[in-house]
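Quick notes on the structure that follows.
Throughout, a chain's letter reflects where its sequence line sits, starting with A, and its residues are numbered from 1. Computed from a prediction, not measured in an experiment: that's the story for all the values here.
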Number of protein chains: 2
Amino acid sequence: MILKQFKKEFYFSFMLQQLNKEVLLKRREALEQVIKRRFIYQPAFSLYGGVAGLYDYGPVGCAIKTNIEQYWREHFIIEEDLFEIAATILTPEPVLKASGHVDRFTDLLVCDSKTGTGYRADKIVTETLENRIAKEGDKLAADVKARYLAVIKDVDTFKEDKMKEVIAELQIKALETGNDLTDPTPFNLMLPTIVGPSTKLPAYLRPETAQGMFLNFARLLEQNGGRVPFGAAQIGLGFRNEIAPRGGLLRCREFQMAEIEYFVDPTEKSTFKKFNKYINLEIPLLSRQLQAEAKQHQPFKMGDAVKEGIINNETLAYFICRTYLYLVEIGINPVNIRFRQHQADEMAHYSSDCWDAEIEMSSGWVECVGLADRSAYDLNAHSAATGQKLQAARKFKVPQPRQVLQVILDKQKIGKELKKDGMALIKYVEALPDDEKQELSDYFQNHEDKVFNIDGKDLTLNRQLVKFEQKTMNVMEEKFIPHVIEPAFGIGRILQAIIEHSFNQRDDPQKTFFKFSPRVAPVKCSILSVVQSEEFDVVIQELTSSLKKLGISCKTDNAGVALGKKYARTDEIGIPFAITVDKETLAAQSVTLREIETTKQVRVPSVEVPRLILELSAGLILWTDVLAKYPVFAAKEEDA
Amino acid sequence: MILKQFKKEFYFSFMLQQLNKEVLLKRREALEQVIKRRFIYQPAFSLYGGVAGLYDYGPVGCAIKTNIEQYWREHFIIEEDLFEIAATILTPEPVLKASGHVDRFTDLLVCDSKTGTGYRADKIVTETLENRIAKEGDKLAADVKARYLAVIKDVDTFKEDKMKEVIAELQIKALETGNDLTDPTPFNLMLPTIVGPSTKLPAYLRPETAQGMFLNFARLLEQNGGRVPFGAAQIGLGFRNEIAPRGGLLRCREFQMAEIEYFVDPTEKSTFKKFNKYINLEIPLLSRQLQAEAKQHQPFKMGDAVKEGIINNETLAYFICRTYLYLVEIGINPVNIRFRQHQADEMAHYSSDCWDAEIEMSSGWVECVGLADRSAYDLNAHSAATGQKLQAARKFKVPQPRQVLQVILDKQKIGKELKKDGMALIKYVEALPDDEKQELSDYFQNHEDKVFNIDGKDLTLNRQLVKFEQKTMNVMEEKFIPHVIEPAFGIGRILQAIIEHSFNQRDDPQKTFFKFSPRVAPVKCSILSVVQSEEFDVVIQELTSSLKKLGISCKTDNAGVALGKKYARTDEIGIPFAITVDKETLAAQSVTLREIETTKQVRVPSVEVPRLILELSAGLILWTDVLAKYPVFAAKEEDA
């Protein structure tokens, strides 16, 4: 069902089976060894004892990261004509006060009352109860076990009081010492700093890249000729001062994100023209209702999912489709992806509807992309904090009747009272935008006078001199605050998923390889010789040089070891193609080209090979095309 | 001279003249307007009043930034097979204590004694004296003026005491208030933070990406099979808590860097095989000697510069050549680049020789790339701080005689004294690496006993039981600490230089354009129609879709305005190629292709145009090739 739609020309033949958690877990140990031995990523600052939640990407991990970011640009930014920006990580406190992060971006912290060791409250409760269930097994009374499971299910939504109650009720203690825990208190997850020596501006490292896009909304709207919809995008780092991070790349204190803020007219978000081409695309969804019924995710035709109201609008649904296709294209098994809708009580403070792209890994289903409808929350918040209107205009082709609040001023009296300044006051008040007229009307409900500062002068308007009247008028445009659909990608988590899904072992389990999509592969091809020889070195240098001229990364290995061993080394880091030269090919001015998964080889004229690798790496042609075009070469490589 | 070597097939025809500071200054105002109007970059947090030294890149700036980073990867990482890594920004204090940044990465701060406003001491002295010279003009006594100029020249090298003296002597006061200044004190330029709720680990935002590469040295050496030379590279953000940043992108508190740490055997750095191809390349150098003689920079053949000892070694010279070619390739005028050697007293604390690539801009010569020989400073520092040896091995093809320190133990006495533990002690001491044998020998110069902890037991060795002897032995390898050559690029400064050098005005100075290198251009082509029509829209959609499939960014503009106006809009942000469709081309299944600088147009079959744009954008073909191949189309566009 899900797979059928990809089968035609599908690159990842091995993915035609589901990779469930058990399969992935079985491979996990061998994978961990490769990750360490080949420095795909490793804990940062190991020389200094390490810091939890900080990881360095080595050459292989870094290249994959660059490649999936680059393809994200092609798939999203170029395809949707998004405005990519690069805003700063350093963010002054008032911005994050307005966005709600200073007050609400917190986890509940409990500490060992004697040693001071900190724990995330929900995590220590979960871990303690899971340990008890595992340890006591059948000895545990059924009602106690049921209570434990109920707490585990909901603990991440508990507020302070509830958490305190549960910790007391279930006698949760510090893990290492058994000491009492302090009361749960909200711990802000932002990393603080101070900018400048004299201003000493309190600031934070941004917790998400999104705010930079909201703050630049007006500039971007102008670049788009004042029209919505349009989207902003940003690839960059976010920071969270996690209380006690574990789980490798899945929970880091510093993590790469790729976010889109797609600004739409709220009256238009239900339809999205380009969504039409995806109405028959089937995607596994785990809706709020399926969760309430304790059911598994199910494949839905996306057109139906919107029609049936499971997904709120076509704009959100369109980005779910695009996200799904992106994940599959970079090498995530389509069967191991699902989109889970948030429960009302688990959404972030800014969100009005939210779907997570979850990917099944060895540690279970992991949220890798969040697709949130943030409504007008952030633009409203920054408007309120700064007094700057963050609005767009809806332009009509024909005049539209609208209820407009009219201000009727007693011009005579004002003129008499204020003389020349009266005219300035009248002009100013009449030119107020609609919403400020409304504010003025509200204000006069319980105030006598309103003071306006006009050209540096304080001018007072008494409420007796002004009347308000609703009137129907034909207007050519009206202002509105755009809503925002936000797809937010966690690059590190996606990278972890790619690595787990791509990892494979041959018949000999020591012989491991990654079946990366060529566009994601860290290095595109290796260039090997059968034996060390100056004659071969010349050819290898020429090939290397032509590949590099095309911007293709390649790796030579002219060590004096058997070819099979060289293949094993390049397989281990997932180099999809290997070029080898030997006496026979040299004479024929050709090379042997080998593909990693099938280990099949073909003979290709030397002069054609760089272009071929380029087109394979860009996904313009597939290995099956190469097999069809060039003569297959039979060699027993593995007995080397 | 300098230009001749680029003339053949040189892309930037307009660069065949020097762009001196005056030319650039004249264009500066018009450029500033474009930067703002088209949101190339702008001050960050303007809605909230702004923060000095923080800038957001808009879509145009961000795309150029991405493109120059991507080409940096091709030019350096792929070409030199460098190991690119991505280490964290958050850096624990002990790392930066070891690297010297906690103690020495400072600027001298003086404050207004009444208001507390902070100034960078060297900047306030310079500005005050320059103001006096400008204001008093000829009234200023010649000796006073000479004194002022001497101070301005050297003030950035003054230490605290000297700075205090000069401030008192020259009566330097706070700029705005005229109040006295506080004594100069070193202000650390790193931004501090605290990681974790319970560990409360003091940390900083990294001031350079380099440290992450030193800390991963051992892992990377292993990936390179234990061999040097090899290089690490990193593209990422650095942070400096500048005292009072000014100068736009040239002095930011958060800035993108691209750094290489090239690890070499110090006995081998004088020769670099690939340097041979550049010995005849001419590059403008401003050596230490030329500076001492108050002379201008001069072009040198790079081979001669090394032979004459102006540049210390071929490895450093090679990276100077590569840096120069990179800068030219991305659109910096070759005549406006010079490499300036640091004076002994201006080098960073870790540096043993340093050349800056300086680019001439409207603000004068600006350091954009630093090429430093950091010797073994950093690897030594982290070895000393952690006790982990950061070394490589020099392997010999034939055994080499070396003076080796031998430890001769009185095994009998030791066995008698320590019984079974004696053997363990003997084995341990005999297996000590050479440098630790030396340390032991030094230690016994003024100590009686040395305690070793072996397998958890404290075992004591008395100096009477051990003798040391230098002996000549044949060895197959020896350990050494690699030296490091570091090219460090400031991406923001380079971007500013590209923008200034590429900015142009046509005969009508209102008509501005950027002549970007196509690979750097933010958007590769625009697709325009002569008039609004559904028929044209279909063709435009097809073209757009084929371009996007090749990963080419393009911009359509089907607004109902004259074609000349559309060209002006795309020229303003430097889109190098414009495709237009009209009735005539539609009938012939072709399009018109226009180039930005020449405004020349050719007729190209529609089906060929996407590939053509791809190859132009990748630098595989030039516009002159297109002109030679396709029929030129004459149209008067500018009178639209």
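Lys548(B) has its side chain within reach of Asp81(A): a pair of non-hydrogen atoms, C-beta onward, lies under 4.5 Å apart. Using a 4.5 Å heavy-atom cutoff, the side chains of Tyr204(A) and Thr193(B) are not in contact. In this structure the side chain of Ile235(A) never reaches within 4.5 angstrom of the side chain of Thr66(B), judged on heavy atoms.
The heavy-atom pair separating Gly196(B) from Phe187(A) by the smallest distance is C-CZ, 4.4 Å. Nearest heavy-atom pair, Leu215(A) versus Tyr48(B), reported as atom, atom and distance to 0.1 Å: CD2-CE1, 3.7 Å. Looking at every heavy atom in both residues, Phe83(B) comes nearest to Pro59(A) through CD2-CG, 3.4 Å. Of all heavy-atom pairs spanning Ala86(A) and Lys65(B), the tightest one is CB-CE, 3.9 Å. Counting all heavy atoms, side chain and backbone alike, Arg37(A) lies closest to Gln223(B) at O-NE2, 2.7 Å. A pairwise comparison of heavy atoms in Glu254(B) and Ala87(A) identifies OE2-O, 4.5 Å as the closest pair.
At a 4.5 Å heavy-atom cutoff, Ile77(B) makes no contact with chain A through either its backbone or its side chain. Contact of Glu222(B) with chain A is made through the side chain alone, with heavy-atom distances under 4.5 Å. Proximity to chain B (any heavy atom under 4.5 Å) is restricted, for Leu109(A), to the side chain, taken from C-beta onward. In this structure, chain B has a heavy atom under 4.5 Å from the side chain of Leu620(A), while its backbone stays farther away. Heavy-atom distances place no part of Gln234(A) under 4.5 Å from chain B, backbone and side chain included. Residue Leu189(A) does not touch chain B at all, counting heavy-atom pairs closer than 4.5 Å. Interface residue Leu390(A): only side-chain heavy atoms are found under 4.5 Å from chain B. At a 4.5 Å heavy-atom cutoff, the contact between Tyr55(B) and chain A is made by backbone atoms alone. In this structure, chain B has no heavy atom under 4.5 Å from any part of Cys252(A). Contacts between Ser545(B) and chain A at a heavy-atom distance below 4.5 Å are absent for every atom of the residue. Proximity to chain B is limited to the side chain of Val51(A), based on heavy atoms less than 4.5 angstrom apart. With a 4.5 angstrom heavy-atom cutoff, Leu47(B) touches chain A via backbone and side-chain atoms both.
Counting heavy-atom pairs closer than 4.5 Å to chain B, the top-ranked of the candidates Gln70(A), Gln388(A), Lys36(A), Gln42(A) is Gln42(A). Highest contact tally toward chain B, considering only His382(A), Lys555(A), Glu74(A), is held by His382(A) [criterion: heavy-atom pairs under 4.5 Å]. No other option in Ala63(A), Ala218(A), Cys62(A) has as many heavy-atom pairs under 4.5 Å with chain B as Cys62(A). Ranked by heavy-atom pairs shorter than 4.5 Å toward chain B, the options Gly118(A), Gly387(A), Pro522(A), Pro197(A) are led by Pro197(A). Heavy-atom pairs under 4.5 Å with chain B were tallied for Val195(A), Thr386(A), Asn241(A), Thr88(A); the largest tally goes to Thr88(A).
Atom CZ of Arg38(A) and atom CZ of Arg219(B) lie 15.0 Å apart (nearest 0.5 Å). Note that CG of Asn216(B) and OG of Ser46(A) are 7.5 Å apart. Values are rounded to the nearest 0.5 Å. To the nearest 0.5 Å, atoms CD1 (Ile78(B)) and NZ (Lys549(A)) are separated by 14.0 Å.
Each of Ile89(A), Leu191(A), Leu205(A) was compared with Ile89(B) under the side-chain contact (heavy atoms from CB on, under 4.5 Å) criterion, and only Ile89(A) meets it.
By the neighbour-count criterion of 12 heavy atoms within 6.0 Å, atom NZ of Lys277(B) is densely surrounded, having more than that number from other residues, nucleotides or ligands.
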